[in-house]
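Small disclaimer: the values here were computed from a predicted structure and weren't measured. Reminder, nothing fancy here: chain letters follow the sequence lines and each chain counts from 1.
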Amino acid sequence: MPGSETKVVPRVVNPLVLGKTAGFLIDRGYCMPTHDMSVAPPARPAEMDRAYEPQQVEQPLYDWWERAGFFAPRDDAPNPPFVISIPPPNVTGELHLGHAMFVTLEDLMIRWRRMQGYRALWLPGTDHAGIATQSQVEKLLRSEGTSREQVGREEFLRRTWEWKAKYGGEITCQLRRLGASCDWSRERFTLDEGLSRAVHTAFKRLYDNGLIYRGAYLVNWSPSLSTAVSDLEVEYETRNVSIWYVRYPIITADWDGPAADWGSGNWAAGATEWITVATTRPETILGDTAVAVAPDDERFAHLVGKYAVLPALGRRIPIITDEYVDKEFGSGAVKITPAHDKNDYEVGKRHDLPMINIMNKDATINAEGGPYAGQDRFDCRKAILADLETEGMLVQTAPHTMSVGISQRGGEVIEPLLSEQWFVRVKPMAEMALAAVQEGRTCIIPERFEKVYFHWLENIEDWCISRQLWWGHRIPVWHMPDGSMVAPHPDEPLPADGVQDPDVLDTWFSSGLWPFSTLGWPEDTPDLRTFYPTSVMETGYDILFFWVARMMMMGCYLTGVEPFHTIYLHGLVRDEHGRKMSKSYGNVVNPLEVMDRQGADALRFTLATSGTPGQDLNLNPQRIEAARNFANKIWNITRFVIGKLDDWRENRTAIPAAVALTLSDRWILSRYHRLLADVGRLMEGYNFGEAGRHVHDFLWSEFADWYVEIAKVQLEGDAERQANTRAILFTVLEGALRLLHPFMPFLTEAAWQYLNPASNATDGAHHTIMLAAYPTADDDHDAAEAEAAFDLLRELIVSIRNVRNEYKVEAARWVAATVVGGPHTAMFQEQAALISRLARVDDAKLDIIATLDEKPRHVAALVIGEIEAFLPLAGMIDLDVERARLAKELETAESDVSRRAARLANANFVDKAPEHVVQREREALESARAALERLRERLAALE
RNA sequence: GGGCGAUUAGCUCAGUUGGUUAGAGCGCCACGUUGACAUCGUGGAGGUCAGUGGUUCAAGUCCACUAUCGCCCACCA
């Protein structure tokens, strides 16, 4: 690949998916080198809609972002690169929640780092997915009445590429719908030219270094797919099966083998000694080449060295001893089938036993099976059991539980089969991958997965990389007429008289190179120099071994550096009750439908905030609903703020020093900056969910519920007060939108565009929230006293509302109130307008005084620490109700006082607890005592 | 056979290094169209943080054991 430019593979426009996602397809075929700020954002109605309509907003915004090149890393970014390689979805894939999960988290990180000024690159692509894709095309051929064998390899590959061209773009369109800010100009496919070259180069290097070998070994065979698969592609399932005890006759001085035909019932007539073996797979008897017993098992000692006769075939097989045999299990004697069982294979090698393969590629019995040749493995099992019965050799049938290997792809029982395959000797690579994590060059989040990773790599076995498929990277080895093998370098000419190996590589072989092959490796490209090693590998923990560990091994070995510094593993998405989503169960949630209904942001926010790192997530539809409502809430906050800004945006005023601000102003600014600090800390610690929840709670419970309501009052004040309020409304909302942008990209951009109309731009550029700076906290706004005072004010207001509610005062009615503020009197007097408006107290009838000698009677009273308030709810006070209410409060106050007093009476607490904790406890006790005293007075006054 | 995770309100989940009275959403009860929002507002009810023991002035949080559920790894015929 040429050095200075990035090769762009033109995107294929798929006519079948035009419709819903049509607007997301941008077939430009060239790379945007920089962001183009002259591209205008989509047109929008002058007035904001009454409700947030994601369907109207998302597609045009994405289109704009992509067209303007905002997804590409900018060369002039002030901070270093931040790179994520996408976990490439299968080209055959259809968007599911697993995709939605990784897109949410990775896009969140990328957008966040991009806003922080990092040179953020999220490199997308797709995987050719050998088996999955080949199966799709085979299905297609079947429907045409033909097969891959009939059309031949070349035609089959042509058809598969055709299929890929037609459907391969679908999944990337669907990723776009989620808002994925991938740099599509760098999109890759595992079978494209550059990556194929990387695969070839990697193979060649491993081959030359002796890490790839070929040989006949026992492999996991998937009969329906007719290919070998790796150990990882076998899933074990506990099943209740039968275990059969079968006795083999022994050759003795009196008996020299069967005289009658197999099946006659007299086959073993005359035999005097027997040895009984136990098996769960009777058909493998046909491949037995020995019977093994434990070396110290006296029961069988007299048989060792003798020969048993194999049922049906009459083969004489030796009785041997081997440490592998467990005396306690089964009959104590084990039939040894070296070509069809992993343990038996080892025993066979130790004793130099013949290895007889009794099966064809489709798991039917071959000629070695004698009378059973041609039968399917399970038919043969039934047949041979019946015959054993006939011959009186089936001693016992017992129920048994065992774990059965199932083909992850094919779904049928895996058959251990002896066959010629290619392997990678992984130990040397595994050691490098282990060291990278052990030495902290790469860390895994959550940390507990490090143990899993270590355990797997420490016990790793060689990796079977050859597949008997056609769709994939063909093994770059040529078999020569003289029987030798040649593995040419990609630049070398192909051996003229050689024949290329027919097998292809395991899909995970090419995936293992993904973080660097996508950047141009093995060439020394600018992209590789700039963006490798990558930053974070984010993916589900279910592919830790399949993919992550292999990238670590390949990356460390081939590039000499660990391919990423952080591995972030997310959990699996389950249904609302923790069940795995499955089509047969009918509990599958389709992300496309969710987005159609509630918008991409609602889905993203739910996925990001519903759980905790590395933990499985139970997706509750009500949470998506809540997230949708949150989006609408933000939309309407924005609508309100814009409506109140008037011409402030054209003539912006700064937020003045704290002395010129109201208590509420100082409170919200202090809370806002505390939020910025918290979110910053949480994001840096990969606690994205907690960060999102913080923003949510702040925006809804503090900004909307309180400051926005207060702003309505402050905007009735003088010009200066109004300007300050507008400045704060704008600043806090605009900042919170930026804070939330990585979580809810569409909504925040849409709202932000209204807040910052392009017509305002002085530089003629169209700005995007995507490239606005991520907000950071400023200590100057820290106002702990303002927060404390505001809390008191808020508590007073809530208490008044509470009393009003209890006495069923109509919401619209203005009431009278007397507030006895004690040391806080001045503060309450200053906030009288807020108390009046927010608690609906008639300002003409709101008395705020420091002390009150004569306590009123027949009023509702409320007590907050040393503060009291009285509501003379004329004619509504029921003394019994009031007495009960106060008595209940008194009870809690009493327990509060006694608990705190006891704590402070404990010398150990006062001595050992930190000073601020003790101090806080003292203040709380004082306040509780004051409240208790007031409550007693009030109760007394009711007598 | 090893290893890991979970157990907190009716449901689904948070709870950063131990530190006031354990939080949210949904659901529930009562009230409410006051000009941003009924996809909403106001107030409220609801939890011995699975159990037992320990460490500590202080435990949902740390330690040990137990129970239940789930997952991963492992060659038992």
Side-chain angles (χ1 to χ4, degrees), chain A residues 48 50-52 236 243 277-281 284 292 324-326 328-331 333-337 341-346 400 402-403 446 448-449 451-452 455-456 459 541-542 544-545 571-572 576-578 598 609-612 614-623 625-644 678 681-682 685 687 689-690 693 696-697 701 704-705 708-709 712 798 801-806 808-812 837 840 892 895-896 899-900 903 906-914 916-918 920-921 923-925 928:
Chain A
M48 291 177 80
R50 283 183 65 83
Y52 175 57
Y236 288 90
I243 184 164
V277 297
T279 180
T280 53
R281 295 187 299 153
T284 63
Y324 156 69
V325 181
D326 176 0
E328 311 300 320
F329 192 90
S331 65
V334 186
K335 61 189 274 311
I336 303 298
T337 321
D341 182 276
K342 204 177 169 193
N343 294 309
D344 294 6
Y345 178 78
E346 298 298 326
H400 185 64
M402 62 179 280
S403 61
R448 64 185 142 88
F449 285 107
K451 217 168 154 180
V452 183
H455 183 260
W456 191 73
N459 297 286
Y541 65 71
D542 54 328
L544 178 61
F545 306 141
L572 273 35
E576 60 192 300
H577 299 294
Q598 286 148 318
T609 60
S610 286
T612 196
Q615 210 64 47
D616 287 354
L617 180 152
N618 296 352
L619 183 68
N620 188 339
Q622 288 174 333
R623 281 192 92 116
E625 194 77 11
R628 195 268 317 243
N629 294 351
F630 178 46
N632 189 58
K633 185 75 181 180
I634 294 169
W635 184 259
N636 275 290
I637 293 170
T638 308
R639 210 155 77 92
F640 168 80
V641 170
I642 286 170
K644 296 298 180 189
D678 288 345
R681 176 177 49 78
L682 290 164
N687 291 308
E690 196 61 12
R693 288 186 289 266
H696 170 275
D697 292 350
S701 307
D705 286 354
V708 163
E709 293 307 315
K712 291 173 185 172
V798 169
R801 288 170 174 171
N802 181 6
V803 171
R804 292 176 56 112
N805 246 299
E806 281 192 31
K808 307 261 187 283
V809 178
E810 309 95 278
R837 188 72 78 81
R840 219 159 170 84
T892 53
S895 73
D896 202 24
R899 195 183 54 250
R900 289 177 196 288
R903 196 173 294 162
N906 183 340
N908 273 327
F909 172 70
V910 180
D911 287 350
K912 294 185 181 171
H916 73 273
V917 173
V918 178
R920 196 169 50 197
E921 198 61 25
E923 285 162 14
L925 177 61

Rounded to whole Å, please give me the gap between [atom1] in [X] and [atom2] in [N].
X        : N      : atom1 : atom2 : answer
A:Glu923 : B:rG19 : CD    : P     : 19 Å
A:His696 : B:rG23 : NE2   : P     : 17 Å
A:Glu625 : B:rC40 : CD    : P     : 9 Å
A:Asp697 : B:rA24 : CG    : P     : 8 Å
A:Asp344 : B:rC76 : CG    : C1'   : 11 Å
A:Phe640 : B:rU34 : CZ    : C1'   : 13 Å
A:Glu709 : B:rG43 : CD    : C1'   : 15 Å
A:Asp542 : B:rC73 : CG    : P     : 11 Å

Under 4.0 Å: is that the gap between some side-chain N or O of [X] and OP1 or OP2 of [N]?
X        : N      : answer
A:Lys644 : B:rG35 : no
A:Arg448 : B:rC4  : no
A:Arg50  : B:rC37 : yes
A:Asn629 : B:rC37 : no
A:Thr612 : B:rG15 : yes
A:Lys451 : B:rC4  : yes
A:His577 : B:rU12 : yes
A:Arg804 : B:rU42 : no
A:His455 : B:rC4  : no

Which whole number of Å gives the distance between the [atom1] atom of [N] and that of [M]?
N      : M      : atom1 : result
B:rU61 : B:rG54 : P     : 14 Å
B:rA30 : B:rC71 : C1'   : 45 Å
B:rU56 : B:rA64 : C1'   : 16 Å
B:rG3  : B:rA74 : P     : 15 Å
B:rU7  : B:rG43 : C1'   : 33 Å
B:rA50 : B:rA77 : P     : 39 Å
B:rU12 : B:rA59 : P     : 29 Å
B:rG41 : B:rG53 : C1'   : 49 Å

- Whichever of A:Gly611 and A:Gln622 has its nearest RNA chain B nucleotide further upstream toward 5':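 Whichever sits nearer the 5' end wins; that is A:Gly611.
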
- Query: Between A:Glu806 and A:Lys342, who's closer to the 5' end of RNA chain B by nearest nucleotide?
  - Reply: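 The residue whose closest nucleotide sits nearer the 5' end is A:Glu806.
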
With a 4.0 Å cut-off on heavy atoms, is [X] in touch with a base, just the backbone sugar-phosphate, or nothing at all?
X        : value
A:Met402 : sugar-phosphate
A:Val910 : nothing
A:Glu576 : sugar-phosphate
A:Glu346 : nothing
A:Ala704 : base
A:Phe630 : nothing
A:Lys335 : nothing
A:Arg899 : sugar-phosphate

Selected nucleotide, minimal atom distance to [X] side chain, candidates [options]:
X        : options                : value
A:Ala913 : B:rA36, B:rA77, B:rG19 : B:rG19
A:Ala811 : B:rU20, B:rU39, B:rG32 : B:rG32
A:Glu690 : B:rG15, B:rG19, B:rG43 : B:rG15
A:Tyr324 : B:rC76, B:rG19, B:rC57 : B:rC76
A:Asn802 : B:rA77, B:rG44, B:rG5  : B:rG44

- Message: Students often mix this up, so state it plainly: with edges at 30° and 60°, are the rings of A:Phe449 and A:Tyr541 parallel, tilted or perpendicular?
- Response: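 The rings of A:Phe449 and A:Tyr541 lie parallel, inter-plane angle below 30°.
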
Search all heavy atoms of [X] against all heavy atoms of [Y] and return the closest pair with its distance.
X        : Y        : value
A:Gly614 : A:Arg448 : O-NH2, 3.6 Å
A:Ala924 : A:Arg900 : CB-NH1, 3.4 Å
A:Thr279 : A:Lys335 : CB-CD, 3.6 Å
A:Phe640 : A:Lys712 : CE1-CE, 3.6 Å
A:Ile243 : A:Ala278 : CD1-CB, 3.9 Å
A:Ala812 : A:Arg840 : O-NE, 2.8 Å

- Other residues, nucleotides, ligands: >12 heavy atoms within 6.0 Å of A:His400 NE2: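 Counting neighbours around NE2 of A:His400, more than 12 heavy atoms of other residues, nucleotides or ligands fall under 6.0 Å, so yes.
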
Per the atom types in the model, does the base of [N] pair as donor or acceptor with the side chain of [X] at under 3.5 Å?
X        : N      : result
A:Lys633 : B:rC37 : yes
A:Lys712 : B:rA36 : yes
A:Arg681 : B:rU16 : yes

Just name whichever nucleotide pairs with [N], Watson-Crick or G-U, keeping both distances under 3.5 Å, else none.
N      : result
B:rG18 : none
B:rG27 : none
B:rA67 : B:rU7
B:rU48 : none

- Message: Salt bridge or not between A:Arg693 and A:Glu690? Use side-chain N to carboxylate O under 4.0 Å.
- Response: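 Counted as a salt bridge, because a side-chain N and a carboxylate O are separated by less than 4.0 Å.
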
